[in-house]
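The shown structure was predicted, so the numbers you read here are calculated from the model rather than taken from an experiment. In what follows, chains are A, B, ... by sequence order, proteins preceding strands, each numbered from 1.
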Amino acid sequence: MPELPEVETIVKGLRGKVLGRIIKEVQVLEPKMVINSDPFRNKLKDRAIRRVERQGKAIIMQTGQKAYLMVNLGMTGRLIFYPDTAPVDKHTHVLFSFSQGGQLIYHDQRQFGRLQLYEGIEPEQIPFVMGLGPDPLDAGFTWQRLAHLLSKSRRAIKDFLLDQKRIAGIGNIYASEILFHAGIKPLRSANQLRMEEIKRLRQAMQGVLRAAIEHRGTSFSDYLDVEGKEGNYKHFLKVYLREGEACSHCTTRIVRTKLANRSTYYCPTCQK
DNA sequence: TCGTAGACTTGCAGGT
DNA sequence: CGCGTGCAAGTCTACG
């Protein structure tokens, strides 16, 4: 759920809701969701949210000179802002209250997400960020750059797309969608794609991700944006969750297989 | 040829 | 039952 488009939507939403607000109090209701939760609470108190950025699927909020709060949403993490008092249930793990009013909650049913405060370093020096590959929406992400990355891997292209060290931000939904739009079978070896296919792949990455951002991400189960609203890209999914349905292009039934223990959807006719 | 860095694989974390 | 993520731990492989 929270892949690049969902995280980008959340980041934009946070900028509108909490940028410039001062944290009055941090309540950590589930300590294991926060790395070093005691200093986390104390050091964030009275700090302003200065900037909100995305690095791959991570959210990074600047809270001071060389002070950054990183939020990884995992599978079911949500950041939701309430102008008044936030509702708290058993999956609400962190609660930020602001001096200007309003509360931001971190809510995570499956608890795969994490929050961590980094001090004394810049965002590029955060270990998670250092391990990330290039962002597919960056201007510098040319097909030549993609070709170079692909040439170093013999893995299935679907696995390659999921590897955050190679390209940052693509997850299981968009990997399948991108490969459908590029007309490439998920099991093809990364280093055996032809130049035309690499160009189509890059086009598909940017096209699918941009369209998904435009529609505020994909909601089918847990994902909600900062205002608690669903994303609408689910209406545009061509293969994901569509096993057995007719391909919109050729009417062949969409197939589901497992790659690296993850469901992978594709059209056996349109994707070569 | 060997040692090692990097590539790759698998399973697990929690809840419903 | 399946499951959007990321990591650790283990094995494999390519290269200097």
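Rounded to a whole Å, the OH atom of A:Y233 is 16 Å from the P atom of C:dG4. Distance A:I173 CD1 to C:dT5 C1': 11 Å, rounded to the nearest Å. Rounded to whole Å, the distance from OH on A:Y265 to P on C:dG2 is 10 Å. A:I10 has its CD1 atom 13 Å from the P atom of C:dT5, to the nearest Å. Nucleotide C:dT5 holds its P atom 14 Å from the CZ atom of A:R54, rounded to whole Å. For the pair A:R110 CZ and C:dG4 P, the interatomic distance rounds to 9 Å; values are reported in whole Å.
A:F112 is linked by a side chain to side chain contact (heavy atoms under 4.5 Å, CB included) to A:M75, A:R110, counting only residues two or more places apart in sequence or in another chain. Take A:R262 and apply the side chain to side chain contact (heavy atoms under 4.5 Å, CB included) test, not counting sequence neighbours, and it matches A:K158, A:L162, A:N172. Applying the side chain to side chain contact (heavy atoms under 4.5 Å, CB included) rule to A:R154 yields the partners A:N191; only residues at least two apart in sequence or on another chain are considered. Residues passing the side chain to side chain contact (heavy atoms under 4.5 Å, CB included) test with A:T85 are A:Q103, sequence neighbours excluded.
Within the structure, side-chain hydrogen bond (donor to acceptor under 3.5 Å, both in side chains) contacts touching residues 21-32 of chain A (residues at least two apart or in different chains) do not occur. For the side-chain hydrogen bond (donor to acceptor under 3.5 Å, both in side chains) condition, the pairs that include at least one residue of residues 120-136 of chain A, sequence neighbours left out, are A:R54-A:D135, A:Y68-A:E122.
When atom types are taken as modelled, the side chain of A:E230 and the backbone of A:T218 share no donor-acceptor pair closer than 3.5 angstrom.
Taking 3.5 Å as the limit, the base of C:dG4 and the side chain of A:T76 contain no donor-acceptor pair of atoms between them.
Remark: C:dC3 base-pairs with B:dG15. Criterion, Watson-Crick or G-U wobble with two distances under 3.5 Å.
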Can you give one letter per nucleotide of nucleotides 6-16 of chain C, going 5' to 3': B for a protein heavy atom under 4.0 Å from the base, S for sugar-phosphate only, - for none?
BS------S--
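Apart from A:Y266 itself, the hydrophobic cluster it occupies contains A:L187, A:V255, A:L259, where clustering links Ile, Leu, Val, Met, Phe, Trp and Tyr at side-chain heavy-atom distances under 4.5 Å.
Along DNA chain B, read 5' to 3', the first and last nucleotides having any atom under 4.0 Å from a heavy atom of chain A are B:dA7 to B:dT16.
Between A:Y240 and the phosphate of C:dC3, there is no side-chain N or O to OP1/OP2 separation shorter than 4.0 Å.
The residues A:R216 and A:D225 are annotated as salt-bridged, a charged nitrogen and a carboxylate oxygen being separated by less than 4.0 angstrom.
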